[in-house]
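What follows is a short report on a single structure.
Below, chains carry the letters A, B, ... as their sequence lines are ordered, and counting in each starts from 1.
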Amino acid sequence: MRSIQRESTVEGATIVALGSFNPAIFQPYWFLEHQLLPKEEVDEADVEIVHRDATSFQAVWFSFQATHQRIAIETRDASKFHPLRDLVSGIFQILEHTPVGALGLNVLRHVRIVDSEEFRVYLDRVAPASFWNRAVPSATPRTIEVRGTPTTGEASRLEIRLEPRLRVDAESEITIRVNQHYPFVGEDGIPLRSADRLLSVLADDWNSFLNSTSAMIDALLEYEVDR
Amino acid sequence: MTRNRNHNQMVGISTAGGLAFRESGQHLEAELAEDEADLILPSPGRLTADPNDSRRLSSESNEASTDLRSAKLMEVERAIELRKDWNLDWRPLRTLQQFEGKVTDVDGDSFWADINDLTHPDNPTEVVELSIDEIAIPDRSILRVGSVFYWIIGYETSRVGTIRRISEIRMRRAPLWTVHSLRRARERAAKRLRFFTDAQQEQSASG
């Protein structure tokens with residue numbers, strides 16, 4: 001197996017919680033008041049909207065969006081993956097009685113490819129042209145989605161999406177997204193009325209999720225070379 | 001499918017991570033899309049909300065109209081889209097190793113800590129001495145014995161392709177203990193203590 005040659009790599013992570021939230025409370029100074037962020041970062045925050053129906057702002061290293069049903073916090077700085085987890089944990093330690101019905105742990109890796117010809121060979125292993133060209137001339141894969149069994153924790157499913165962009169006259173690239181989904185419902189199928197499960201998953205699974213995802217993405221960027 | 005009652009109607013959550021809201025009478029129904037897995041996936045789209053766009057929610061949007069015609073007009077005016085993508089920079093960082101550390105001693109310009117390897121969790125705990133200069137200025141005020149921090153070592157690529165080795169420390173921030181949370185913790189501790197002492201008494205009574 002050979003690992004595809006990469007020119008550059010960027011990574012991001014997003015934690016998404018589905019439940020019943022009060023978006024208006026999540027203004028940046030709420031994070032300062034509860035010591036979840038330093039004043040310097042709160043002062044620099046770029047607020048798009050703070051409203052009873054939606055809050056959306058960007059801080060130095062993350063973006064935050066909340067609605068009544070969904071909170072999503074994203075970072076595009078791999079050095080902040082653990083602070084991201086702590087930030088979400090901090091929110092739900094404060095709002096411990098908030099009903100949370102599902103949690104999504106997400107990692108994204110975007111890779112620029114050195115050699116487009118090598119990338120073509122790689123793509124041919126992922127989605128063989130001999131199969132597709134029977135039906136579609138010059139077929140090129142754009143999105144490949146796979147659902148599997150999570151390798152860590154109590155997650156219900158794991159989804160991986162590959163988005164390759166093969167270009168002859170410009171840099172080729174591929175984006176790989178991994179989503180691990182945790183449903184938090186009781187035996188009666190009703191979402192749980194607290195954030196306890198979310199907090200335990202973030203404490204127990206986050207690091208193993210990051211490590212297993214990283215290994216998984218590395219493996220997906222390897223391909224078999226012709227003998 | 002999840003439903004909530006409130007005052008507005010959320011007509012859809014984009015599977016691309018964007019959000020759309022629409023006012024509809026006096027009730028709110030929130031609906032998640034059929035496949036919640038799509039909702040969980042973030043998306044770096046390229047749409048950005050225009051701050052001057054009349055579709056944005058205004059502070060007056062809470063008013064509910066009893067007139068059907070005007071309510072329908074408001075449906076259009078009050079639909080908004082939040083940003084699907086931020087100007088948040090992608091940091092071209094290749095992490096070599098990450099540690100989680102716990103401060104055991106602070107002495108002048110340096111501090112001691114026990115560190116655990118997050119990249120290779122099977123590695124044993126190590127003891128290190130680090131300079132306070134390594135810590136970001138906003139974080140220095142929360143450095144004390146017992147503080148937890150993350151130490152990241154990696155390679156960062158600049159826009160022109162220069163690669164530099166980086167070492168960054170960021171202190172962990174946890175929420176303040178409130179009077180309420182302390183009272184609840186005391187109540188929980190008392191309850192557990194009662195559980196064990198009652199069990200012990202029952203055991204000695206039966207024995």
Side-chain angles (χ1 to χ4, degrees), chain A residues 8-12 14 16 18 20 34-41 46 48-49 51-54 56 58 61-63 65 67-70 72 74-80 82-83 86-87 89-90 93-94 101-104 106 108 110 147 157 159 161 177 179 181 183 191 207-208 210-211, chain B residues 2 4 6-8 10 13 17 19 21 28 30-32 36-37 39-44 49 51 56-57 59 61-62 80 82-83 86-95 98 100 118-121 136-139 141-142 148 150 152 154 157 161 166 168 170 172-176 178 181:
Chain A
S8 67
T9 299
V10 291
E11 285 185 303
T14 308
V16 179
L18 302 182
S20 182
H34 292 285
Q35 294 200 354
L36 295 174
L37 292 175
K39 187 173 185 303
E40 291 79 356
E41 289 183 6
D46 172 12
E48 184 190 15
I49 186 171
H51 188 274
R52 69 189 178 96
D53 288 332
S56 176
Q58 177 183 320
W61 58 273
F62 69 91
S63 65
Q65 286 194 340
T67 64
H68 291 294
Q69 297 83 28
R70 185 175 187 263
E74 177 191 10
T75 183
R76 295 175 181 176
D77 178 350
S79 74
K80 301 294 189 301
H82 284 89
D86 293 343
L87 184 63
S89 290
Q93 281 169 37
I94 296 160
L103 172 72
N106 302 274
L108 174 154
H110 180 86
R147 185 176 282 196
R157 64 173 181 260
E159 290 190 342
R161 187 187 297 179
R177 301 166 195 272
N179 162 242
H181 180 86
N207 195 53
S208 54
L210 293 178
N211 286 337
Chain B
T2 308
N4 284 328
N6 208 317
H7 294 292
N8 288 319
M10 188 162 120
I13 303 177
L19 300 156
F21 290 82
L28 172 136
E31 294 187 357
L32 298 180
E36 291 192 351
L39 293 172
I40 301 285
L41 281 166
S43 173
R56 289 168 64 84
L57 280 179
S59 56
S61 67
N62 297 345
I80 62 160
L82 294 180
R83 285 181 191 176
W86 286 91
N87 299 321
L88 207 58
D89 288 333
W90 290 98
R91 187 176 184 192
L93 176 70
R94 185 156 66 88
T95 306
Q98 284 197 72
E100 183 181 86
L118 293 170
T119 318
H120 304 100
I137 292 166
D139 277 357
S141 62
I142 58 170
V148 175
Y150 300 109
I152 291 102
T157 311
I166 62 114
E168 287 181 5
R170 186 178 171 95
R172 183 186 214 169
R173 289 178 180 268
L176 272 180
T178 61
S181 54

* Taking only residues two or more places apart in sequence or in another chain, which ones pass salt bridge (Lys or Arg N to Asp or Glu O under 4.0 Å) with Arg170(B)? -> Glu41(A)
* Any side-chain heavy atom of Leu210(A) sitting closer than 4.5 Å to one from His82(A)? -> yes
* Kindly give the heavy-atom pair with the smallest separation between Leu118(B) and Asn211(A), and that separation in Å. =>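 Answer, listing the atom of Leu118(B) first, then Asn211(A): O-ND2, 2.9 Å.
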Side chain, backbone, both or neither: which part of [X] has a non-hydrogen atom closer than 4.5 Å to chain B?
| X | result |
| --- | --- |
| Asn207(A) | side chain |
| Lys80(A) | side chain |
| Ala78(A) | both |
| Thr9(A) | backbone |
| Glu40(A) | side chain |

* Please answer whether the main-chain N or O of Ala54(A) pairs with a side-chain N or O of Thr67(A) as donor and acceptor at a distance below 3.5 Å. =>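 Answer holds: no.
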* Per-residue contact mode, Thr157(B) against chain A (heavy atom under 4.5 angstrom) -> neither
* To do: Not counting sequence neighbours, which residues clear side chain to side chain contact (heavy atoms under 4.5 Å, CB included) with Asp86(A)? List them please.
  =>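 Asp86(A): side chain to side chain contact (heavy atoms under 4.5 Å, CB included) contacts with Tyr150(B), Arg172(B).
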